[in-house]
Amino acid sequence: MGVPSVFLRTFGCNFKCAGFGMARGETSEEANNIDPDLYTDYKTLPLVSTGCDSYASWDPRFKHLSPVLDTDAIADSIVDTLPHKEWRDEHLVITGGEPLLGWQKQYPDLLDHPKMAGLKEITFETNGTQKLTAEFKDYLLAWDRDDHWRREITFSVSAKLPCSGELWSDAICPEVVREYEQYGTAYLKFVISTEEDLIDAERAVEEFRAGGFTGPVYIMPVGGVERVYTLNNRAVAEMAMRKGWRYSDRLQVPLFKNEWGT
Ligand code: SF4
């Protein structure tokens, strides 16, 4: 938290996470009730307090709000965001949607772009269900053989618990996450609302450990908007202390009220 970072948000997700903020077994209709025709700019879309808070990054009804850019345009846009118009200490965070869907085949083109020289730290914010392709794995391994391009890579794995509304068998993929650890640093991060979620997280951690995952575990309070987030952040911090896990805050919520673009 607090590291200057540029976020690259890719379109599309294999999940919907319509259960967030809802009673068990219920799904949110909040985003479904938003009329996409009323909006011409991503940043004017309403925030939601239930379901996936980045619904416009994967719901096809909102696809017209996401620009389609070639590699030059993306690299220009990223570097233009940097305070010195060149990479210094900034990180690149590639998020979504789910950034390890078909986009894997595009990343080498972007990350080898001359404007990305100097970038040293990259994080993929993933739901931990997508295997790395053979081509992308070869590409990442090549960095280790070439000091010029040596880069730190992190897989921030937000595995989805049943409170998301997604099926356990689809969402908890120990063999996928175990493999991420061979190509960078990986950690697990669970969004928690209730004690029931904590029990689910414990079960998930057991499965990930049994599958060979060795990285740290974070828990984070549910809450895309401040009202929901402040309801349970202390309780989740206390759960983390009880379990010996790490607590992850949502710095953007108190700072920016989770506005689009933050
Ligand atoms: S995995 Fe992430 S982006 Fe995809 S629906 Fe769930 S919360 Fe949203």
Side-chain angles (χ1 to χ4, degrees), residues 5 7-22 24-34 36 42-43 45-63 65-66 92-104 106-107 123-132 154-174 176-177 180 186-194 197 200-201 204 207-208 217-225 228-229 232 236 248-253 258-262:
S5 302
F7 281 74
L8 172 63
R9 191 182 283 281
T10 57
F11 191 88
C13 190
N14 54 322
F15 285 160
K16 290 190 167 66
C17 296
F20 279 140
M22 304 294 290
R24 283 277 162 131
E26 291 182 17
T27 51
S28 170
E29 287 296 320
E30 211 179 329
N32 287 343
N33 291 332
I34 298 168
Y42 203 97
K43 290 184 178 171
L45 283 168
L47 298 173
V48 294
S49 57
T50 55
C52 170
D53 64 358
S54 49
Y55 60 92
S57 66
W58 55 262
D59 185 336
R61 297 188 311 131
F62 299 95
K63 194 166 192 308
L65 302 178
S66 289
L92 177 66
V93 181
I94 304 182
T95 187
E98 169 46 51
L100 295 178
L101 290 173
W103 295 108
Q104 288 186 50
Q106 294 300 129
Y107 295 137
T123 295
F124 288 99
E125 285 193 327
T126 173
N127 59 28
T129 62
Q130 301 302 307
K131 288 184 177 170
L132 301 176
T154 300
F155 295 91
S156 173
V157 180
S158 181
K160 298 299 178 256
L161 297 174
C163 61
S164 67
E166 299 298 331
L167 288 176
W168 186 278
S169 54
D170 292 339
I172 305 300
C173 305
V176 172
V177 176
Y180 295 163
Y187 58 80
L188 289 168
K189 183 179 70 178
F190 297 102
V191 177
I192 301 288
S193 172
T194 63
D197 297 339
D200 288 336
E207 287 195 17
F208 281 110
V217 175
Y218 288 80
I219 54 176
M220 170 191 266
V222 75
V225 294
V228 178
Y229 157 79
N232 75 344
V236 172
S248 172
D249 211 352
R250 289 178 178 267
L251 188 59
Q252 79 280 14
V253 176
N258 204 26
E259 291 163 9
W260 292 109
T262 66

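Note that ligands are numbered from 1 as they come in the structure, with each ligand's atoms numbered from 1 the same way. Please read all numbers here as calculations on a predicted model, not as lab measurements.
Between F208 and F190, the angle of the ring planes lies from 30° to 60°, which puts this pair in the tilted group. Between F124 and Y107, the angle of the ring planes lies from 30° to 60°, which puts this pair in the tilted group.
Shown in contact with K16 at under 4.0 Å from a heavy atom are these atoms of ligand 1, numbered in order with element: 5 (S). Short contacts between ligand 1 and F15, defined as distances under 4.0 Å to a heavy atom of the residue, involve ligand atoms 5 (S). Residue contact check: G97 has heavy atoms under 4.0 Å from atoms 3 (S) of ligand 1. Heavy-atom contacts of K160 reach the following atoms of ligand 1: 1 (S), 2 (Fe), 6 (Fe), 7 (S) (cutoff under 4.0 Å). For ligand 1, the atoms closer than 4.0 angstrom to any heavy atom of N127 are 1 (S).
Residue side and main chain included, C13 places no N/O/S atom under 2.8 Å of atom 6 (Fe) of ligand 1.
With respect to the salt-bridge test (charged N to carboxylate O, under 4.0 angstrom), the residues K160 and D200 do not qualify.
Looking only at heavy atoms of the protein, atom 8 (Fe) of ligand 1 is closest to C52 SG, 2.3 Å. Summary of contacts: the protein heavy atom closest to atom 6 (Fe) of ligand 1 is C17 SG, 2.3 Å.
Within 6.0 Å of NZ in K189 there are more than 12 heavy atoms belonging to other residues, nucleotides or ligands.
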>> Working note: L101 + Q130, criterion side chain to side chain contact (heavy atoms under 4.5 Å, CB included); need CA distance, chi angles, decisive distance, verdict.
In response: CA-CA 7 Å; L101 290 173; Q130 301 302 307; 3.5 Å; yes
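If you look at Y55 next to ligand 1, there are no close heavy atoms at all, none under 4.0 Å.
The closest approach between E98 and ligand 1 stays at or above 4.0 Å for every heavy atom of the residue.
Note that CG of L8 and CH2 of W103 are 8.5 Å apart. Values are rounded to the nearest 0.5 Å.
A donor-acceptor contact under 3.5 angstrom links the side chains of N127 and N14, judged on distance only.
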